[in-house]
Amino acid sequence: MQQIFNFIFKNSNRILFLLLLGISLFLTVQSHSYHKSRVISSANFLSGGVYEKINNVSEYLSLKTQNEALAIENARLKSLLFKTKDSSAIKRFQNLKVTLPDDVVVSKVIRNSFNVHENFLTLNSGSDAGLEPDMGVINNLGIVGIIDKTSKNFATVVSILNVKSQINAKIKKSNHFGSLIWNGRSTGFVQLIDVPRLAAIRKGDTIVTGGQSVIFPENINIGTVDKVEIDNKTHYYTINVKLFNDMTNLGHVYVIKSKNRTEFNNLEKTTKHE
Amino acid sequence: MNSTLLVNISRFILLLAVQIIFFNNMGFLGFIMPLPYILFIILYPVNGNKSGLLIASFLLGLMMDVFSNSGGIHTTACLVLAFVRPSIFKFSFGVSYEYQTIKLNDVLTPERFSFILISVVIHHFTLFILEAFQISFFLDILLRAFLSTIFTVISCIIIIYLIKPNKR
């Protein structure tokens, strides 16, 4: 017994190191294995609050560009409104009793990261504003990411610049689907993989979100085709997509609350049970 | 409350604040990030309490992980650096380092520079290997770790010169 105590006292540093190393490696591994299960995230009141304070200050520096972006978007929406008034599109929808499927919550990025392989953003609204995990986040130029975790007042977002993110996307012109991933290199480009060879693709074609999930509505802009390669192993196209969004400069964003979401999820659940 | 403890606590908070507010938002070429917060571990007193250093660097890394959503990679890298620190001292300052009065935050000598460089290299390689966790990014990891090391060393030396106590 005496010897055991002696051993522990003599190696107390090493034992402490191994203990703490075990904890930290556990945190690392479990955050890599499945990102939903991460124990610590910046959606807590401490780091969220600090980031909000920092953002309150740095926001002033970009007020002018933010205002310009908003004015441009307003003009675009106005023009859309004028166009629809002329056509009979609105009336037709009213007759069919089609409600808008999606609700939009405005939020602000208080922390942006783009210089590691797994990038996350922090938003300044959380479950109090009705945000839930797996909701889509966009801004006026295109998609930004998917909500990962929410707390009362903050939420973290898996950026599209995250090597773990995978989003359903398609070529606007031809409706060929693929998966949007990021190879971890440039912040201006993402990759669209698994596009069948049949698809006719040209440089400059627009890539938009596909309608195969409830996270994003169909036809939200992502980017344009920059370079097309053929994967040697799978013989599918791998397309380098130039993003419309400047992911290094994000301000206000919109979170999409799909109204069909609960219905869709319940349907999926019952299908899996059977 | 002695002054060493107070100095260390304030250094912990200040370096963390500078890292989060200033250096984390600083991406040279999109992905190079200087991490001078590890100066806390580098500047910890040579004959200070070793278990204290381990616990402090664990907390330091944990705070960084909370703020950057990175799981436990900063924690692990800081712990590894804190644990191998005596060996780096032995390498840079010779075997009898414990009996000398080593002051790190002073004029840059080859010994001090090699100590800072080796510490930063060990920390960064642990960090970037854990961050990618995949062999397929190996060249990318090497490049990132190498470039970030350069920038961290530069920012560390600048900070040391800025906070150096002028007692002459």
Side-chain angles (χ1 to χ4, degrees), chain A residues 12-33 35 37-44 46-48 50-51 53-54 57-58 111-122 148-149 156-159 161-164 183-188 247-248, chain B residues 16-17 20-34 49-59 61-80 82-84 86 126-134 136-137 139-141 143-144 147-148:
Chain A
S12 63
N13 272 327
R14 197 159 297 172
I15 291 168
L16 183 69
F17 169 70
L18 287 176
L19 182 76
L20 294 176
L21 189 73
I23 299 172
S24 59
L25 278 178
F26 167 74
L27 289 173
T28 312
V29 171
Q30 61 94 28
S31 80
H32 276 292
S33 53
H35 66 77
S37 62
R38 68 177 62 234
V39 179
I40 49 176
S41 77
S42 72
N44 58 40
L46 174 70
S47 50
V50 170
Y51 280 137
K53 285 268 162 13
I54 298 172
V57 177
S58 60
R111 150 99 182 141
N112 190 1
S113 107
F114 44 82
N115 43 18
V116 286
H117 278 125
E118 290 178 25
N119 291 302
F120 289 87
L121 318 173
T122 310
D148 178 34
K149 269 203 159 180
T156 52
V157 178
V158 186
S159 163
L161 300 185
N162 185 318
V163 288
K164 293 263 168 63
N183 61 9
R185 297 227 171 82
S186 167
T187 54
M247 290 299 288
T248 61
Chain B
L16 207 56
I20 289 161
I21 295 171
F22 185 60
F23 285 102
N24 269 8
N25 299 320
M26 187 169 181
F28 295 116
L29 307 177
F31 59 86
I32 304 163
M33 196 163 75
N49 187 347
K50 293 208 172 72
S51 336
L53 176 64
L54 282 176
I55 292 169
S57 39
F58 178 78
L59 290 178
L62 199 66
M63 289 304 287
M64 273 302 289
D65 279 327
V66 166
F67 276 95
S68 50
N69 275 312
S70 47
I73 59 173
H74 285 284
T75 321
T76 318
C78 283
L79 266 181
V80 169
F83 187 68
V84 299
T126 324
L127 183 77
F128 283 98
I129 286 168
L130 284 173
E131 192 220 320
F133 227 59
Q134 285 173 35
S136 57
F137 289 126
L139 275 178
D140 202 33
I141 294 168
L143 181 74
R144 274 173 193 231
L147 292 173
S148 294

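In what follows, every chain begins at residue 1, and chains take the letters A, B, ... in the order their sequences are listed.
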| How far apart are the closest heavy atoms of B:Leu79 and A:Phe17, and which atoms are they? | O-CE1, 3.5 Å
| query | For B:Ile55, is it the side chain, the backbone, both or neither that has a heavy atom under 4.5 Å from a heavy atom of chain A? | reply | both
| field | Rounded distance (nearest 0.5 Å) linking atom OG1 of A:Thr28 with atom CG of B:Asp65 | value | 7.0 Å
| Which one, A:Ser113, A:Gly188, A:Ser24, leads in non-hydrogen pairs under 4.5 Å with chain B? | A:Ser24
| said: Taking every non-hydrogen pair under 4.5 Å, which of A:Val57, A:Thr248, A:Leu25 racks up the most with chain B? | reply: A:Leu25
| note | d(A:Arg111 CZ, B:Ile20 CD1) to nearest 0.5 Å is 8.5 Å
| Closest non-hydrogen atom pair, A:Tyr51 against B:Ser68 | OH-N, 4.4 Å
| said: Is A:Leu21 in contact with chain B via its backbone, its side chain, both, or neither, using a 4.5 Å heavy-atom distance? | reply: both
| request: Against chain A, label B:Phe58 side chain, backbone, both or neither, depending on which of its atoms sit under 4.5 Å from a heavy atom there. | output: side chain
| field | Minimum-distance pair of heavy atoms, taken over all atoms of A:Leu20 and B:Leu54 | value | CD1-O, 3.8 Å
| note | If one checks every heavy atom of A:Arg14 against chain B at 4.5 Å, the contacting part turns out to be both
| said: Using heavy-atom distances under 4.5 Å, tell me whether A:Thr122 contacts chain B through its side chain, its backbone, both, or neither. | reply: side chain
